[in-house]
Amino acid sequence: MTKLTPFEEDNLPAEQPSPDDQSGMRRWKLRQLKEAERDPYREVRYDRTHTIAELLSKFDDLAGKKARIAGRIMAKRGHGKAIFLDLADQDGRIQVYANVDTLGDERFEQLKAVDIGDILGVEGEVFKTRTGQQSVKATECTMLVKSLEPLPEKWHGLTDIELRYRRRYVDLIVSPETRERFRLRSKIVAQMRRFLEDERGFMEFETPVLEPVCGGATAEPFVTRWEALDDDFYLRIAIELRLKRLIVGGFEKVYEIGRIFRNEGVDTQHNPEFTMLELYWAYVDYNDIMQLTEDLVVHICDSCLATRKMEGGKGPLSFEPPFARVQFDDLMQEHAGVSVLDLPDRKAAVARAKKLDVEFDKDAGYEKILDRIWSERIEPHLIQPTFVLDYPVAVSPLAKRIPDRPHLAYRFELFANAVELANAFSELNDPVEQRVRMEEQIARATEGYRELDEDFLRALEYGMPPTGGLGMGIERLLMALLGEQSIREVILFPQLRKQ
RNA sequence: GAGCCAUUAGCUCAGUGGUAGAGCAUCGGACUUUUAAUCCGAGUGUCGCAGGUUCGAAUCCUGCAUGGCUCGCCA
(Lines give C-alpha, C1' and ligand atoms only; values in the text may rest on other atoms or scores of the structure.)
Protein backbone atom coordinates (compact mmCIF):
# COMPACT_ATOMS: atom_id res chain seq x y z
CA MET A 1 0.00 0.00 0.00
CA THR A 2 1.26 3.42 -0.95
CA LYS A 3 0.53 6.26 1.39
CA LEU A 4 -1.62 8.87 -0.29
CA THR A 5 -0.94 12.58 -0.07
CA PRO A 6 -3.30 14.57 2.14
CA PHE A 7 -4.84 16.04 -1.00
CA GLU A 8 -5.51 12.60 -2.43
CA GLU A 9 -6.93 11.49 0.94
CA ASP A 10 -9.37 14.40 0.81
CA ASN A 11 -10.37 14.15 -2.83
CA LEU A 12 -10.39 10.45 -3.65
CA PRO A 13 -13.13 8.49 -1.87
CA ALA A 14 -11.96 5.67 0.37
CA GLU A 15 -15.32 3.89 0.32
CA GLN A 16 -17.20 2.92 -2.81
CA PRO A 17 -19.52 5.82 -3.63
CA SER A 18 -23.08 5.45 -4.88
CA PRO A 19 -23.08 3.86 -8.36
CA ASP A 20 -25.03 6.90 -9.58
CA ASP A 21 -21.98 9.00 -8.92
CA GLN A 22 -20.04 8.01 -11.98
CA SER A 23 -17.14 10.40 -11.50
CA GLY A 24 -17.03 9.38 -7.82
CA MET A 25 -16.73 5.74 -8.86
CA ARG A 26 -13.85 6.63 -11.14
CA ARG A 27 -12.11 8.60 -8.40
CA TRP A 28 -12.53 5.66 -6.08
CA LYS A 29 -10.96 3.37 -8.68
CA LEU A 30 -8.13 5.85 -9.10
CA ARG A 31 -7.49 5.77 -5.37
CA GLN A 32 -7.26 2.00 -5.47
CA LEU A 33 -4.80 2.19 -8.36
CA LYS A 34 -2.65 4.68 -6.47
CA GLU A 35 -2.75 2.58 -3.33
CA ALA A 36 -1.73 -0.49 -5.32
CA GLU A 37 1.24 1.45 -6.76
CA ARG A 38 -0.36 1.47 -10.19
CA ASP A 39 -0.91 5.23 -10.38
CA PRO A 40 -1.60 5.80 -14.09
CA TYR A 41 -0.40 9.39 -13.93
CA ARG A 42 3.10 8.19 -13.17
CA GLU A 43 3.51 6.96 -16.74
CA VAL A 44 5.62 9.35 -18.78
CA ARG A 45 5.78 7.62 -22.14
CA TYR A 46 4.59 4.61 -24.02
CA ASP A 47 6.51 3.25 -26.97
CA ARG A 48 4.15 2.39 -29.77
CA THR A 49 5.17 0.22 -32.69
CA HIS A 50 2.33 1.62 -34.79
CA THR A 51 -0.43 4.13 -34.75
CA ILE A 52 -3.78 2.42 -35.10
CA ALA A 53 -4.20 3.71 -38.64
CA GLU A 54 -0.76 2.31 -39.57
CA LEU A 55 -1.56 -1.01 -38.00
CA LEU A 56 -4.85 -1.25 -39.88
CA SER A 57 -3.27 -0.28 -43.19
CA LYS A 58 -0.57 -2.96 -42.84
CA PHE A 59 -2.87 -5.42 -41.13
CA ASP A 60 -2.30 -8.41 -43.40
CA ASP A 61 1.49 -8.14 -43.09
CA LEU A 62 1.29 -7.74 -39.33
CA ALA A 63 -1.18 -10.55 -38.69
CA GLY A 64 0.28 -12.96 -36.17
CA LYS A 65 2.97 -10.48 -35.10
CA LYS A 66 3.30 -8.39 -31.97
CA ALA A 67 2.35 -4.71 -31.88
CA ARG A 68 2.12 -1.97 -29.30
CA ILE A 69 -0.60 0.63 -29.64
CA ALA A 70 -2.16 3.23 -27.39
CA GLY A 71 -5.40 5.13 -27.28
CA ARG A 72 -8.60 5.97 -25.52
CA ILE A 73 -11.15 3.29 -24.69
CA MET A 74 -14.30 4.15 -26.62
CA ALA A 75 -16.35 1.02 -25.97
CA LYS A 76 -16.21 -1.96 -23.66
CA ARG A 77 -17.93 -5.31 -24.15
CA GLY A 78 -17.44 -7.70 -21.28
CA HIS A 79 -17.90 -11.34 -22.07
CA GLY A 80 -17.26 -13.37 -18.95
CA LYS A 81 -13.69 -14.57 -19.06
CA ALA A 82 -13.05 -12.46 -22.18
CA ILE A 83 -13.43 -8.79 -22.95
CA PHE A 84 -13.52 -6.54 -26.01
CA LEU A 85 -12.42 -2.93 -25.99
CA ASP A 86 -12.50 -0.37 -28.79
CA LEU A 87 -9.32 1.69 -28.67
CA ALA A 88 -9.06 5.01 -30.57
CA ASP A 89 -6.02 7.17 -31.25
CA GLN A 90 -5.77 10.28 -33.43
CA ASP A 91 -6.43 8.62 -36.75
CA GLY A 92 -7.83 5.19 -36.11
CA ARG A 93 -9.89 2.87 -34.03
CA ILE A 94 -9.35 -0.83 -33.45
CA GLN A 95 -10.74 -3.61 -31.34
CA VAL A 96 -8.70 -5.07 -28.50
CA TYR A 97 -9.52 -8.59 -27.37
CA ALA A 98 -8.36 -10.04 -24.10
CA ASN A 99 -9.08 -13.20 -22.20
CA VAL A 100 -8.09 -14.68 -18.90
CA ASP A 101 -5.94 -17.41 -20.50
CA THR A 102 -3.49 -15.00 -22.10
CA LEU A 103 -3.52 -12.35 -19.38
CA GLY A 104 -3.83 -14.42 -16.23
CA ASP A 105 -6.35 -13.82 -13.46
CA GLU A 106 -4.84 -10.72 -11.88
CA ARG A 107 -4.15 -8.72 -15.02
CA PHE A 108 -7.48 -9.75 -16.52
CA GLU A 109 -9.33 -8.43 -13.47
CA GLN A 110 -7.34 -5.20 -13.71
CA LEU A 111 -8.31 -4.82 -17.35
CA LYS A 112 -11.96 -5.50 -16.56
CA ALA A 113 -11.89 -2.55 -14.17
CA VAL A 114 -11.04 0.02 -16.85
CA ASP A 115 -13.68 2.56 -17.80
CA ILE A 116 -14.72 3.99 -21.12
CA GLY A 117 -12.58 7.08 -21.59
CA ASP A 118 -9.46 5.69 -19.93
CA ILE A 119 -6.29 5.77 -21.99
CA LEU A 120 -4.52 2.47 -22.37
CA GLY A 121 -1.32 1.14 -23.86
CA VAL A 122 -1.78 -2.32 -25.31
CA GLU A 123 0.78 -4.87 -26.38
CA GLY A 124 -0.48 -7.91 -28.18
CA GLU A 125 -0.83 -10.08 -31.22
CA VAL A 126 -2.44 -8.76 -34.39
CA PHE A 127 -5.24 -11.11 -35.40
CA LYS A 128 -8.76 -11.40 -36.76
CA THR A 129 -11.69 -12.70 -34.76
CA ARG A 130 -13.82 -15.46 -36.19
CA THR A 131 -16.18 -12.83 -37.60
CA GLY A 132 -13.20 -11.31 -39.43
CA GLN A 133 -12.88 -8.26 -37.18
CA GLN A 134 -9.35 -6.82 -37.21
CA SER A 135 -8.15 -6.94 -33.61
CA VAL A 136 -5.23 -7.05 -31.22
CA LYS A 137 -5.13 -9.84 -28.65
CA ALA A 138 -3.72 -8.20 -25.54
CA THR A 139 -0.79 -9.78 -23.73
CA GLU A 140 0.08 -6.68 -21.70
CA CYS A 141 -2.00 -3.59 -20.87
CA THR A 142 -0.74 -0.37 -19.31
CA MET A 143 -3.09 2.15 -17.81
CA LEU A 144 -1.80 5.51 -19.07
CA VAL A 145 -4.61 7.75 -17.83
CA LYS A 146 -7.63 7.27 -15.63
CA SER A 147 -10.48 9.37 -17.02
CA LEU A 148 -12.49 10.80 -14.16
CA GLU A 149 -15.50 12.00 -16.12
CA PRO A 150 -17.89 9.79 -18.10
CA LEU A 151 -18.08 10.33 -21.86
CA PRO A 152 -21.34 11.15 -23.65
CA GLU A 153 -23.59 8.42 -24.92
CA LYS A 154 -21.93 6.24 -27.52
CA TRP A 155 -24.54 6.45 -30.23
CA HIS A 156 -25.73 10.07 -30.25
CA GLY A 157 -22.55 11.59 -28.88
CA LEU A 158 -22.63 15.19 -27.75
CA THR A 159 -25.48 17.07 -29.44
CA ASP A 160 -26.00 19.93 -27.00
CA ILE A 161 -24.56 22.80 -29.01
CA GLU A 162 -23.45 24.81 -26.00
CA LEU A 163 -21.63 21.83 -24.50
CA ARG A 164 -19.99 21.10 -27.84
CA TYR A 165 -18.50 24.61 -27.82
CA ARG A 166 -17.70 24.90 -24.14
CA ARG A 167 -16.19 21.42 -23.96
CA ARG A 168 -14.79 21.14 -27.45
CA TYR A 169 -12.33 18.53 -26.16
CA VAL A 170 -15.27 16.19 -25.47
CA ASP A 171 -16.77 16.97 -28.87
CA LEU A 172 -13.43 16.08 -30.46
CA ILE A 173 -13.20 12.81 -28.50
CA VAL A 174 -16.60 11.56 -29.52
CA SER A 175 -17.24 13.18 -32.90
CA PRO A 176 -15.19 12.00 -35.91
CA GLU A 177 -16.92 14.71 -37.96
CA THR A 178 -15.65 17.45 -35.68
CA ARG A 179 -12.15 16.00 -35.70
CA GLU A 180 -12.19 15.80 -39.49
CA ARG A 181 -13.43 19.38 -39.85
CA PHE A 182 -10.61 20.79 -37.78
CA ARG A 183 -8.04 18.49 -39.33
CA LEU A 184 -9.11 20.01 -42.66
CA ARG A 185 -8.88 23.52 -41.25
CA SER A 186 -5.30 22.89 -40.25
CA LYS A 187 -4.48 21.35 -43.61
CA ILE A 188 -6.15 24.13 -45.60
CA VAL A 189 -4.21 26.85 -43.76
CA ALA A 190 -1.00 24.87 -44.22
CA GLN A 191 -1.66 24.48 -47.95
CA MET A 192 -2.44 28.17 -48.19
CA ARG A 193 1.02 28.94 -46.83
CA ARG A 194 2.65 26.30 -49.02
CA PHE A 195 1.01 27.70 -52.14
CA LEU A 196 1.88 31.31 -51.38
CA GLU A 197 5.46 30.63 -50.30
CA ASP A 198 6.63 27.72 -52.42
CA GLU A 199 4.66 28.31 -55.58
CA ARG A 200 4.30 32.09 -55.63
CA GLY A 201 7.26 33.39 -53.66
CA PHE A 202 5.37 35.31 -50.97
CA MET A 203 6.88 35.95 -47.55
CA GLU A 204 4.88 35.81 -44.35
CA PHE A 205 5.38 38.51 -41.75
CA GLU A 206 3.89 39.08 -38.35
CA THR A 207 2.75 42.61 -37.62
CA PRO A 208 1.40 44.00 -34.35
CA VAL A 209 -1.94 42.93 -33.00
CA LEU A 210 -1.79 45.77 -30.47
CA GLU A 211 -2.05 49.12 -32.21
CA PRO A 212 -2.05 52.77 -31.15
CA VAL A 213 -4.57 53.66 -33.89
CA CYS A 214 -6.75 51.20 -35.69
CA GLY A 215 -7.74 51.29 -39.32
CA GLY A 216 -8.07 49.33 -42.52
CA ALA A 217 -11.74 48.56 -41.98
CA THR A 218 -14.85 50.06 -40.45
CA ALA A 219 -15.52 48.13 -37.27
CA GLU A 220 -15.64 48.72 -33.57
CA PRO A 221 -12.30 47.78 -32.00
CA PHE A 222 -11.59 46.15 -28.67
CA VAL A 223 -9.79 48.65 -26.46
CA THR A 224 -7.15 47.55 -24.01
CA ARG A 225 -4.84 49.27 -21.59
CA TRP A 226 -1.07 49.43 -21.74
CA GLU A 227 -0.39 50.04 -18.07
CA ALA A 228 3.29 50.94 -18.39
CA LEU A 229 2.45 53.71 -20.83
CA ASP A 230 -0.82 54.58 -19.11
CA ASP A 231 -2.47 54.64 -22.51
CA ASP A 232 -5.23 52.90 -24.48
CA PHE A 233 -4.36 50.60 -27.34
CA TYR A 234 -6.54 48.71 -29.79
CA LEU A 235 -6.64 45.13 -30.97
CA ARG A 236 -6.28 45.33 -34.73
CA ILE A 237 -9.42 45.20 -36.89
CA ALA A 238 -7.43 44.58 -40.10
CA ILE A 239 -3.85 43.91 -41.15
CA GLU A 240 -3.96 46.09 -44.23
CA LEU A 241 -2.23 49.29 -43.18
CA ARG A 242 0.70 47.43 -41.60
CA LEU A 243 1.37 45.18 -44.57
CA LYS A 244 1.27 48.11 -46.98
CA ARG A 245 4.09 49.68 -45.01
CA LEU A 246 6.14 46.60 -45.90
CA ILE A 247 5.45 47.23 -49.58
CA VAL A 248 6.63 50.83 -49.09
CA GLY A 249 9.73 49.37 -47.46
CA GLY A 250 10.54 47.39 -50.57
CA PHE A 251 9.19 43.90 -49.95
CA GLU A 252 7.19 42.94 -53.01
CA LYS A 253 5.14 39.88 -52.08
CA VAL A 254 4.00 39.82 -48.47
CA TYR A 255 1.22 38.18 -46.54
CA GLU A 256 0.04 37.45 -43.04
CA ILE A 257 -2.43 34.91 -41.77
CA GLY A 258 -3.49 36.38 -38.49
CA ARG A 259 -6.12 37.00 -35.92
CA ILE A 260 -8.41 40.02 -36.28
CA PHE A 261 -10.65 41.35 -33.52
CA ARG A 262 -13.90 43.20 -34.06
CA ASN A 263 -16.01 44.36 -31.16
CA GLU A 264 -19.33 43.40 -32.71
CA GLY A 265 -22.10 40.89 -32.16
CA VAL A 266 -21.98 37.16 -32.61
CA ASP A 267 -24.09 35.26 -35.15
CA THR A 268 -23.77 32.41 -37.63
CA GLN A 269 -21.45 34.52 -39.80
CA HIS A 270 -19.47 36.42 -37.17
CA ASN A 271 -17.15 35.73 -34.25
CA PRO A 272 -15.43 38.62 -32.45
CA GLU A 273 -12.06 37.15 -33.28
CA PHE A 274 -11.43 35.53 -36.62
CA THR A 275 -8.57 34.73 -38.94
CA MET A 276 -7.74 36.69 -42.03
CA LEU A 277 -5.36 36.13 -44.88
CA GLU A 278 -4.10 39.44 -46.19
CA LEU A 279 -1.58 39.67 -48.98
CA TYR A 280 0.02 42.50 -50.98
CA TRP A 281 1.86 42.16 -54.25
CA ALA A 282 3.80 45.07 -55.73
CA TYR A 283 3.64 46.05 -59.42
CA VAL A 284 0.43 44.14 -60.16
CA ASP A 285 -3.22 45.16 -60.27
CA TYR A 286 -6.43 43.61 -59.07
CA ASN A 287 -6.68 41.41 -62.17
CA ASP A 288 -3.50 39.63 -61.13
CA ILE A 289 -4.87 39.34 -57.58
CA MET A 290 -8.08 37.88 -58.99
CA GLN A 291 -6.15 35.21 -60.84
CA LEU A 292 -4.05 34.50 -57.74
CA THR A 293 -7.19 34.21 -55.62
CA GLU A 294 -8.76 31.77 -58.03
CA ASP A 295 -5.54 29.73 -58.24
CA LEU A 296 -5.30 29.68 -54.44
CA VAL A 297 -8.85 28.46 -53.93
CA VAL A 298 -8.48 25.81 -56.62
CA HIS A 299 -5.16 24.70 -55.11
CA ILE A 300 -6.88 24.24 -51.76
CA CYS A 301 -9.72 22.26 -53.34
CA ASP A 302 -7.28 19.98 -55.13
CA SER A 303 -4.76 19.52 -52.32
CA CYS A 304 -7.10 19.26 -49.33
CA LEU A 305 -10.51 18.19 -50.57
CA ALA A 306 -9.66 16.26 -53.75
CA THR A 307 -12.68 17.82 -55.41
CA ARG A 308 -13.74 21.15 -56.80
CA LYS A 309 -17.41 20.44 -56.27
CA MET A 310 -19.06 20.54 -52.91
CA GLU A 311 -22.37 20.75 -51.18
CA GLY A 312 -22.85 24.29 -49.94
CA GLY A 313 -25.57 25.30 -47.54
CA LYS A 314 -27.53 26.88 -50.39
CA GLY A 315 -27.00 24.13 -52.95
CA PRO A 316 -24.12 22.49 -54.79
CA LEU A 317 -21.08 24.70 -55.43
CA SER A 318 -18.56 24.31 -58.22
CA PHE A 319 -15.13 25.82 -57.73
CA GLU A 320 -14.16 24.78 -61.25
CA PRO A 321 -12.25 27.75 -62.76
CA PRO A 322 -12.75 30.22 -64.18
CA PHE A 323 -15.12 31.64 -61.60
CA ALA A 324 -17.80 33.97 -62.93
CA ARG A 325 -16.74 37.61 -63.27
CA VAL A 326 -19.43 40.25 -63.22
CA GLN A 327 -19.59 44.02 -62.87
CA PHE A 328 -20.98 45.39 -59.62
CA ASP A 329 -23.09 47.83 -61.59
CA ASP A 330 -24.50 45.11 -63.87
CA LEU A 331 -25.73 43.29 -60.76
CA MET A 332 -27.23 46.52 -59.45
CA GLN A 333 -29.06 47.08 -62.70
CA GLU A 334 -30.22 43.47 -62.89
CA HIS A 335 -31.45 43.02 -59.33
CA ALA A 336 -32.01 46.56 -58.06
CA GLY A 337 -33.10 48.06 -61.35
CA VAL A 338 -30.70 50.98 -61.12
CA SER A 339 -27.14 51.96 -61.95
CA VAL A 340 -24.94 53.37 -59.19
CA LEU A 341 -24.50 56.33 -61.57
CA ASP A 342 -28.15 57.12 -60.87
CA LEU A 343 -27.58 56.86 -57.12
CA PRO A 344 -25.16 59.77 -56.72
CA ASP A 345 -26.27 60.79 -53.25
CA ARG A 346 -28.08 59.70 -50.12
CA LYS A 347 -31.43 61.05 -51.30
CA ALA A 348 -31.41 58.90 -54.46
CA ALA A 349 -30.27 55.86 -52.48
CA VAL A 350 -33.07 56.32 -49.93
CA ALA A 351 -35.64 56.56 -52.73
CA ARG A 352 -34.38 53.38 -54.38
CA ALA A 353 -34.23 51.48 -51.09
CA LYS A 354 -37.82 52.37 -50.36
CA LYS A 355 -38.90 51.36 -53.87
CA LEU A 356 -37.17 47.98 -53.36
CA ASP A 357 -38.71 47.49 -49.91
CA VAL A 358 -35.25 47.41 -48.39
CA GLU A 359 -35.37 48.50 -44.77
CA PHE A 360 -32.62 50.63 -43.29
CA ASP A 361 -31.90 52.56 -40.16
CA LYS A 362 -33.17 56.11 -40.55
CA ASP A 363 -29.76 57.44 -39.46
CA ALA A 364 -27.98 55.30 -42.04
CA GLY A 365 -25.54 57.14 -44.27
CA TYR A 366 -25.22 56.88 -48.04
CA GLU A 367 -22.77 53.95 -48.01
CA LYS A 368 -24.85 52.10 -45.48
CA ILE A 369 -27.96 52.34 -47.61
CA LEU A 370 -26.05 51.13 -50.67
CA ASP A 371 -24.79 48.26 -48.57
CA ARG A 372 -28.32 47.41 -47.41
CA ILE A 373 -29.60 47.30 -51.00
CA TRP A 374 -26.62 45.15 -51.92
CA SER A 375 -27.02 42.62 -49.14
CA GLU A 376 -30.80 42.40 -49.44
CA ARG A 377 -31.23 42.31 -53.19
CA ILE A 378 -27.97 41.13 -54.77
CA GLU A 379 -25.93 39.05 -52.35
CA PRO A 380 -28.55 36.27 -52.07
CA HIS A 381 -28.10 35.58 -55.81
CA LEU A 382 -24.35 34.99 -55.54
CA ILE A 383 -24.34 31.26 -54.86
CA GLN A 384 -21.67 29.99 -57.27
CA PRO A 385 -18.17 31.41 -56.81
CA THR A 386 -18.31 34.84 -58.41
CA PHE A 387 -15.93 37.77 -58.65
CA VAL A 388 -17.83 41.02 -58.44
CA LEU A 389 -15.81 43.86 -60.00
CA ASP A 390 -15.56 47.62 -59.72
CA TYR A 391 -17.27 48.93 -56.63
CA PRO A 392 -18.36 52.50 -55.98
CA VAL A 393 -15.49 54.64 -54.70
CA ALA A 394 -17.74 55.77 -51.86
CA VAL A 395 -17.60 52.32 -50.26
CA SER A 396 -13.95 51.64 -51.15
CA PRO A 397 -11.76 54.15 -49.31
CA LEU A 398 -8.52 52.21 -49.79
CA ALA A 399 -8.96 51.30 -53.47
CA LYS A 400 -7.64 53.18 -56.48
CA ARG A 401 -10.14 55.13 -58.56
CA ILE A 402 -10.77 54.00 -62.16
CA PRO A 403 -9.74 57.06 -64.27
CA ASP A 404 -12.39 56.81 -66.97
CA ARG A 405 -15.16 55.81 -64.55
CA PRO A 406 -14.25 58.03 -61.60
CA HIS A 407 -17.20 57.00 -59.44
CA LEU A 408 -15.83 53.44 -59.39
CA ALA A 409 -12.74 51.85 -57.87
CA TYR A 410 -10.52 48.94 -58.90
CA ARG A 411 -11.97 46.57 -56.37
CA PHE A 412 -13.38 43.08 -56.46
CA GLU A 413 -15.01 40.80 -53.97
CA LEU A 414 -15.31 37.04 -54.23
CA PHE A 415 -18.66 35.58 -53.24
CA ALA A 416 -19.77 31.99 -52.80
CA ASN A 417 -22.79 30.54 -51.09
CA ALA A 418 -24.18 34.11 -50.88
CA VAL A 419 -21.35 35.12 -48.54
CA GLU A 420 -18.38 37.40 -49.13
CA LEU A 421 -15.15 35.41 -49.03
CA ALA A 422 -12.58 37.93 -50.17
CA ASN A 423 -12.08 41.60 -50.85
CA ALA A 424 -9.32 43.00 -53.04
CA PHE A 425 -8.13 46.23 -54.62
CA SER A 426 -5.66 47.87 -56.80
CA GLU A 427 -4.43 49.72 -53.76
CA LEU A 428 -4.78 53.46 -53.57
CA ASN A 429 -1.21 54.79 -53.39
CA ASP A 430 -1.82 58.52 -53.91
CA PRO A 431 -1.14 59.93 -50.44
CA VAL A 432 -3.08 63.12 -51.10
CA GLU A 433 -6.22 61.36 -52.25
CA GLN A 434 -5.85 58.75 -49.51
CA ARG A 435 -5.82 61.48 -46.86
CA VAL A 436 -8.95 63.07 -48.30
CA ARG A 437 -10.79 59.75 -48.48
CA MET A 438 -9.84 58.79 -44.96
CA GLU A 439 -10.92 62.17 -43.65
CA GLU A 440 -14.25 61.79 -45.44
CA GLN A 441 -14.67 58.36 -43.92
CA ILE A 442 -13.92 59.61 -40.42
CA ALA A 443 -16.33 62.51 -40.86
CA ARG A 444 -19.10 60.06 -41.71
CA ALA A 445 -18.25 57.51 -39.04
CA THR A 446 -20.95 57.14 -36.42
CA GLU A 447 -18.84 55.07 -34.04
CA GLY A 448 -15.93 56.33 -31.97
CA TYR A 449 -12.21 55.57 -32.03
CA ARG A 450 -11.73 56.89 -35.55
CA GLU A 451 -8.59 58.85 -36.09
CA LEU A 452 -6.21 59.26 -39.01
CA ASP A 453 -3.30 56.85 -39.15
CA GLU A 454 -0.82 59.63 -39.86
CA ASP A 455 2.09 57.24 -39.98
CA PHE A 456 0.41 55.20 -42.70
CA LEU A 457 -0.18 58.36 -44.72
CA ARG A 458 3.47 59.32 -44.23
CA ALA A 459 4.47 55.88 -45.51
CA LEU A 460 2.42 56.51 -48.66
CA GLU A 461 4.14 59.89 -48.96
CA TYR A 462 7.48 58.09 -49.19
CA GLY A 463 5.92 56.19 -52.10
CA MET A 464 4.19 52.84 -52.43
CA PRO A 465 4.54 51.18 -55.82
CA PRO A 466 1.39 50.20 -57.66
CA THR A 467 0.15 47.25 -55.63
CA GLY A 468 -2.62 44.71 -55.62
CA GLY A 469 -3.94 43.48 -52.29
CA LEU A 470 -6.28 40.83 -50.98
CA GLY A 471 -8.08 40.07 -47.75
CA MET A 472 -9.77 36.72 -47.28
CA GLY A 473 -11.70 35.54 -44.25
CA ILE A 474 -10.40 32.07 -43.46
CA GLU A 475 -13.55 30.99 -41.62
CA ARG A 476 -15.77 32.20 -44.45
CA LEU A 477 -13.72 30.21 -46.94
CA LEU A 478 -13.87 27.14 -44.71
CA MET A 479 -17.63 27.48 -44.37
CA ALA A 480 -18.04 27.58 -48.13
CA LEU A 481 -15.62 24.71 -48.77
CA LEU A 482 -16.92 22.49 -45.96
CA GLY A 483 -20.60 23.31 -46.39
CA GLU A 484 -21.02 24.64 -42.86
CA GLN A 485 -23.80 27.10 -42.02
CA SER A 486 -22.35 28.42 -38.77
CA ILE A 487 -18.93 30.02 -38.28
CA ARG A 488 -18.74 28.30 -34.87
CA GLU A 489 -18.41 24.96 -36.61
CA VAL A 490 -15.08 26.01 -38.08
CA ILE A 491 -13.75 27.76 -34.96
CA LEU A 492 -12.45 25.41 -32.27
CA PHE A 493 -13.35 27.60 -29.33
CA PRO A 494 -16.01 30.11 -30.37
CA GLN A 495 -16.56 33.04 -28.05
CA LEU A 496 -19.32 32.51 -25.49
CA ARG A 497 -20.32 34.36 -22.37
CA LYS A 498 -18.41 33.62 -19.20
CA GLN A 499 -20.06 31.02 -17.04
C1' G B 1 -29.66 45.61 -28.36
C1' A B 2 -34.86 43.33 -30.03
C1' G B 3 -38.18 39.09 -31.17
C1' C B 4 -39.05 33.77 -31.12
C1' C B 5 -37.54 28.98 -29.19
C1' A B 6 -34.94 25.73 -25.78
C1' U B 7 -33.12 24.25 -20.75
C1' U B 8 -35.87 17.19 -17.24
C1' A B 9 -30.55 11.51 -14.86
C1' G B 10 -23.39 11.61 -16.70
C1' C B 11 -25.23 11.68 -22.27
C1' U B 12 -29.53 11.44 -25.91
C1' C B 13 -34.53 12.38 -25.21
C1' A B 14 -40.15 11.38 -23.67
C1' G B 15 -43.36 13.55 -20.19
C1' U B 16 -49.57 19.98 -21.28
C1' G B 17 -52.05 20.62 -13.68
C1' G B 18 -52.56 14.91 -9.85
C1' U B 19 -46.64 9.53 -6.99
C1' A B 20 -40.46 11.97 -12.29
C1' G B 21 -39.83 8.13 -17.28
C1' A B 22 -36.97 5.38 -21.54
C1' G B 23 -32.32 4.13 -24.13
C1' C B 24 -27.07 4.47 -23.53
C1' A B 25 -23.76 4.94 -19.46
C1' U B 26 -23.36 3.24 -14.14
C1' C B 27 -23.78 -0.78 -10.17
C1' G B 28 -24.64 -6.41 -9.01
C1' G B 29 -24.98 -11.30 -11.50
C1' A B 30 -24.37 -14.89 -16.06
C1' C B 31 -21.44 -15.41 -20.40
C1' U B 32 -13.75 -17.23 -23.38
C1' U B 33 -14.41 -14.27 -30.80
C1' U B 34 -18.31 -9.89 -29.28
C1' U B 35 -19.06 -5.36 -31.96
C1' A B 36 -25.10 -0.09 -30.73
C1' A B 37 -22.86 -7.77 -27.71
C1' U B 38 -26.75 -10.52 -25.27
C1' C B 39 -29.50 -12.19 -20.85
C1' C B 40 -31.20 -11.40 -15.42
C1' G B 41 -31.54 -7.65 -11.60
C1' A B 42 -30.80 -2.41 -9.28
C1' G B 43 -30.42 2.85 -8.48
C1' U B 44 -30.48 7.36 -11.10
C1' G B 45 -32.95 13.69 -10.31
C1' U B 46 -32.25 21.11 -6.84
C1' C B 47 -37.13 18.96 -13.85
C1' G B 48 -31.69 26.00 -15.43
C1' C B 49 -32.41 29.79 -11.06
C1' A B 50 -35.87 32.96 -8.15
C1' G B 51 -40.69 34.36 -7.26
C1' G B 52 -46.09 33.90 -8.17
C1' U B 53 -51.03 31.40 -9.27
C1' U B 54 -53.23 26.72 -7.40
C1' C B 55 -55.66 22.07 -2.63
C1' G B 56 -51.65 20.45 -5.90
C1' A B 57 -46.65 23.02 -10.80
C1' A B 58 -41.46 19.77 -14.76
C1' U B 59 -46.30 21.46 -16.87
C1' C B 60 -49.63 27.95 -16.10
C1' C B 61 -47.66 33.33 -15.10
C1' U B 62 -43.46 36.92 -14.07
C1' G B 63 -38.34 38.00 -13.68
C1' C B 64 -33.34 36.35 -14.28
C1' A B 65 -29.35 33.14 -16.41
C1' U B 66 -27.25 30.40 -20.46
C1' G B 67 -27.65 28.73 -25.41
C1' G B 68 -29.88 28.47 -30.45
C1' C B 69 -32.38 30.90 -34.58
C1' U B 70 -33.96 35.56 -36.90
C1' C B 71 -32.97 40.80 -37.04
C1' G B 72 -29.54 45.22 -36.07
C1' C B 73 -23.87 46.50 -35.99
C1' C B 74 -19.82 43.70 -38.60
C1' A B 75 -16.40 40.03 -42.78
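To find a chain, count down the sequence lines: A is the first, B the second, and so on, and within it residues start at 1. Since we're looking at a predicted model, the values are computed, not measured.
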Can you sort out which residues in [range] have a heavy atom within less than 4.0 Å of RNA chain B? Ascending by number, please.
range: residues 95-110 of chain A; result: A:Gln95, A:Tyr97, A:Asn99, A:Val100, A:Asp101
range: residues 161-171 of chain A; result: A:Ile161, A:Glu162, A:Leu163, A:Tyr165, A:Arg166
range: residues 372-400 of chain A; result: A:Arg372
range: residues 132-145 of chain A; result: A:Gln133, A:Lys137

Name the pairs: protein N/O against N/O of nucleotides 45-47 of chain B, kept only if under 3.5 Å.
none

Next on the checklist: If I take atom CD in residue A:Glu153 and atom P in nucleotide B:A14, what distance separates them, rounded to the nearest angstrom?
Outcome noted: 14 Å

Checklist entry - Which whole number of Å gives the distance between the C1' atom of B:U59 and that of B:G21? => result 15 Å

Item to check | Any pair counted as side-chain hydrogen bond (donor to acceptor under 3.5 Å, both in side chains), so long as it reaches residues 417-426 of chain A, sequence neighbours left out | outcome: A:Arg411-A:Asn423

Below 3.5 Å between N/O atoms, which protein atoms pair up with nucleotides 2-6 of chain B? Just atom names and distances, please.
none

Checklist outcome for this item: So ring pair (Phe, Tyr, Trp, His ring centres under 6.0 Å) across residues 356-388 of chain A, not counting sequence neighbours, yields A:Phe323-A:Phe387, A:Phe328-A:Trp374, A:His335-A:His381, A:Trp374-A:Tyr391, A:Trp374-A:Phe415, A:Phe387-A:Phe412

Next on the checklist: Just to verify, what does A:Lys146 make a salt bridge (Lys or Arg N to Asp or Glu O under 4.0 Å) with, not counting sequence neighbours?
Outcome noted: A:Asp115, A:Asp118

Next on the checklist: Taking salt bridge (charged side-chain N to carboxylate O under 4.0 Å, His left out) as the cut-off, I'd like each qualifying pair that reaches into residues 125-141 of chain A, sequence neighbours left out, listed once.
Outcome noted: A:Arg107-A:Glu140

Which pairs, protein N/O on one side and nucleotides 39-41 of chain B N/O on the other, fall under 3.5 Å?
none

Checklist outcome for this item: Across all chains, not counting sequence neighbours, the side chain to side chain donor-acceptor pair (under 3.5 Å) partners of A:Gln495 are A:Glu273

